[in-house]
Structure formats: C-alpha cells, structure tokens
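What follows is one structure encoded as structure tokens, with my remarks underneath.
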Amino acid sequence: MNKLPRIPSPPSHYWREFRHSVMPFLIFGGVLAMTVVLWNKALVPSSMIGEVEMVRANVNSIVPGTVIELQVDLLQRVEKDQLIATITTMEPELLNASLAAVAAELETTRARMLADQARLVMDQARSLDDLEQLRLNWLNAKVSLATERVNLQYAINEFQRVSKLFQDKAVTEMEYDLTRSRRDALQSKVDEMGKLVIEMERSIERLRPTPSVTNILSNEAVASAINARQELIKQQTRPILLRAPMAGVVSAVFRRSGEKVTAGEPIVTISAIHSDRIVGYIRQPLDEKPSPGTPVEVWSRGGKRTVGVGKVLRVGTQMETINPTLLPPNPGQGHAPEYGLPILVSLPPNLPLLPGEKVDLQWSK
C-alpha cells in the first residue's frame, strides 16, 4: 500500500502555533531579563539615604545701621576677605544732635568761665578773658570742623553711590554734577576750616600765660573731655566694611543698598563651590551600628546612576529627623517626621556631585 502524501499546512497555522506555544515563554524571559537589569543598574536598597553637604556662611551686620553700598550680586563668585558691603552706623540727624550737645556744653563752659573771670583782678581778668575767648572760639571752630568733616564723608559716600548709578545710566548728568560740586565745596570748606583751627591754636600758645588760676586747670579738663567726645563721634561715623568669611558663590541676597539693618542681621549668604562629605541617614530598623572606616557605596540619582565607594567618617549618637526631601513620597504617612541615625561619608572622587545633591547609600560588599 502506498504511503499517502503529506498534506501541507498554510503559514498561518505555523504562526498560530508559535504564538500559542513559544511566544509566552519568550516574553516572560525578556521581561525577567529586563527586570534583573533594571534592578542591578537603577535600584538600590533605600535603607540609607543622604545628600552632599552644603557649606554656607552668612555675612552679618555687627551693628545697626544702613547699607551704603553692596559690592556683590546673586550667584557672583567671591574670594575670602573680599569686600561685600559697606555700612554706616550713625544717621545724620543723630550725629547733628550729638554735635549740638557738645556745642551746648561749650556754651555752658563759656558762661561759667565768664562768671569766674569777673572775680579776678581787672588786668589779669582782661588778658585771661581774651585767652579764654580765643580758646572757646577755637573749640567752637573744632566742633564746626568736625561737623563739616562728617558732612564731607556723607557727601563722598553719596558721590560714590551716584557715580556708580551714573555709570549704569540710572541718574542724570545734572545729579552727578550736583553731588560732585557739593563734595568739592565741602572739601574746600574743611581745608580752610582746618587751616583756621591750626592758626587759632598757634595764637593760643603764643598768648598762654603762666597758669596761676585754678579755674584754668578745670577748663582744661572740660576741654579734654569734649575732645574725647568729639573723637568718639568721629569713630562712630566711620563706615564699617564687611568682608567674605570664605570663598564661594553668593547664593542669597537679603539686603540692598540704602536698606537699614539690625545687629546680627544677615546681608548675604555665601555657599561653598565644592564639598567633600555626604550627610547620610540610616533608616529604621537598624540592623547594626556602623563604625568609622566602613566602606559605603554611593549611588547618584542622575539619568546614569553612577556609583562610587566612600567610607564612614563619623557616626551619630542619637536618632535625628530626616529631611523630608530625601524621602520617597508616601501619601499614607502624611507629614509625620521620620528619624534616622546620621552618619558622615566621604565623597568618592569619581562622583562629580554638587553640594545639596541627593544620593542613595548602601554598604559595600
């Protein structure tokens, strides 16, 4: 009996058999392989988290005053000891009031001296009166000179501020010329008054008699006290220069030129450009407490999750609150804080991470 020929099957039949019998296993194997790859390259245990340490320093005002000029701007790089801001500590109204008080003391001294001189011998009283009048005029001239020097300092500061604005075309040329003219006029006035004070002092030395009256000594003490107060006022009117405590970048500006500040108030914040440590947290439960020197794998959270090996530098002694930005979202937990054991980890040299960047940590095998 002859063998019957094989009946050929259409291609659709073989394709259907392949889809039903082989393709499920191929899809399962592919998904499994992809899961393994993603698990090894993109996922790490979340029992330890951290961020690159941010080193910041505030430039604070040490006294209450007004910011005359701010020398830096946001995101500007600065060097250590670079000038950040200039602050004046005394307002013009308060300064004028202090100088007025000194002038009033001089007038009181003048009245007391005139009363004392009336009891002296006529000839001696006349010569002493002339000398004391010259002395009081000299002291008044010194007070006026101190006042004009203060006004000159404020005029110089104002001219510097207007000059900077004029360079930026923020003020008109007329305003620039007015401030310059006022500064030059005050400078000339101060120079002339300084010469007058020197000449009056020389005249006093030429006319000074032998001190035989006790009230002259008392007047010398009063004059010394007034001079000391004038020197104190002069010291208070000098501007205070604030400098950068470290090199870095200006990350925040809290006050601008012309604003008033209080003692201890920050004006700018400077952030370091680089960092060499990671502040990490070991989440609960704690299987074991690490010790300094333990190797730690550091995983970045960028598109390509690079990994480096650092080591534990220090270990905390108590549980601390974890920054919520480090934790994964957990809608069921709400805003309840989570605690972890803080550790300091050295930054691996092969990871170019920025300060404040989030990382994942796991113990090195």
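What you are looking at is a predicted structure, and each value in this text was computed from that prediction instead of being measured.
For the atom pair OG of S251 and CD1 of I273, the computed distance is 11.5 Å after rounding to the nearest 0.5 Å. Residue Q160 holds its CD atom at 8.0 Å from OG1 of T86, rounded to the nearest 0.5 Å. Note: L241 CG to E69 CD = 10.5 Å, rounded to the nearest 0.5 Å. The OH atom of Y339 sits 4.0 Å away from atom OG1 of T321, with the distance rounded to the nearest 0.5 Å. For the atom pair NZ of K80 and CZ of R243, the computed distance is 11.0 Å after rounding to the nearest 0.5 Å. Interatomic distance, CG of N58 versus OG1 of T269, reported as 4.0 Å (0.5 Å rounding).
Closest non-hydrogen pair, G310 versus P348, comes out as N-CG, 3.9 Å. In terms of heavy-atom proximity, E53 sits nearest to S275 at O-OG, 2.9 Å. Shown here for I270 and A244, the closest heavy-atom pair between the two residues is CD1-CB, 3.6 Å. Nearest heavy-atom pair, L186 versus N151, reported as atom, atom and distance to 0.1 Å: CD1-O, 3.6 Å. Of all non-hydrogen atoms in A155 and R183, the two that sit nearest each other are CB-CA, 4.1 Å. The two residues P245 and A57 come nearest to each other via the heavy atoms CG-CB, 3.8 Å.
Hydrophobic clustering (ILVMFWY, side-chain heavy atoms < 4.5 Å, transitive): W363 and L286 are in one cluster. One hydrophobic cluster, built from ILVMFWY side chains closer than 4.5 Å, holds both M246 and I62. Taking hydrophobic clusters as Ile, Leu, Val, Met, Phe, Trp and Tyr residues chained together by side-chain heavy-atom distances below 4.5 Å, V55 does not share a cluster with L351. A chain of hydrophobic side-chain contacts below 4.5 Å, direct or via other Ile, Leu, Val, Met, Phe, Trp or Tyr residues, connects V67 to I240. Hydrophobic clustering keeps L178 apart from L165 (ILVMFWY residues linked when any side-chain heavy atoms are closer than 4.5 Å, directly or through intermediates).
The closest side-chain heavy-atom distance from V279 to L344 is below 4.5 Å. Using a 4.5 Å cut-off on side-chain heavy atoms (C-beta onward), S271 and V249 make no contact. With contacts defined as side-chain heavy-atom distances shorter than 4.5 Å, the pair R301/D360 qualifies. Annotation: side chain of L341 is not in contact with side chain of Y281 (no heavy-atom distance under 4.5 Å). Looking only at side-chain heavy atoms (C-beta outward), D73 and V250 stay at 4.5 Å or farther from each other. Within the 4.5 Å cutoff, no side-chain heavy atoms of E259 are placed close to those of E265. Side chains of I84 and Q71 form no contact here, defined as non-hydrogen atoms less than 4.5 Å apart. You'll find the side chain of S364 stays beyond 4.5 Å of the side chain of V296, heavy atoms only.
Scored by the salt bridge (charged side-chain N to carboxylate O under 4.0 Å, His left out) test, E158 finds R161 as partners (sequence neighbours excluded). Judged as a ring-ring contact (aromatic ring centres under 6.0 Å, His included), and not counting sequence neighbours, the contacts of W15 are F18.
A side chain to side chain contact (heavy atoms under 4.5 Å, CB included) with I87 is found for one member of P64, P239, S61 and no other, namely S61. The side chain to side chain contact (heavy atoms under 4.5 Å, CB included) with E51 is formed by just one residue from the set N323, L353, V359, I278; it is N323.
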task = Take Q82 and V72 through the side chain to side chain contact (heavy atoms under 4.5 Å, CB included) test and state the conclusion after the steps.
result = CA-CA 10 Å; Q82 179 177 337; V72 297; 4.3 Å; yes
request  = Please assess L361 against V298 for the test side chain to side chain contact (heavy atoms under 4.5 Å, CB included), listing each intermediate value before the final yes or no.
outcome  = CA-CA 5 Å; L361 307 174; V298 180; 3.8 Å; yes
Trace of the side chain to side chain contact (heavy atoms under 4.5 Å, CB included) decision for F254 with V59 = CA-CA 10 Å; F254 301 102; V59 179; over 6 Å; no
ask   = Are T88 and N157 close enough, and set up right, to give a side chain to side chain contact (heavy atoms under 4.5 Å, CB included), and what steps lead you there?
value = CA-CA 10 Å; T88 181; N157 295 336; 5.6 Å; no
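Looking only at distances, a side-chain donor or acceptor of S257 sits under 3.5 Å from a matching main-chain atom of L70.
Residue pairs meeting the ring pair (Phe, Tyr, Trp, His ring centres under 6.0 Å) criterion with at least one member in residues 171-204, sequence neighbours excluded, are F159-Y176, F166-Y176.
In this structure, E192 does not pair ionically with K189, as no charged nitrogen and carboxylate oxygen lie closer than 4.0 Å.
For the residue pair S300 / T306, a side-chain donor-acceptor distance below 3.5 Å is found, with atom types taken as modelled.
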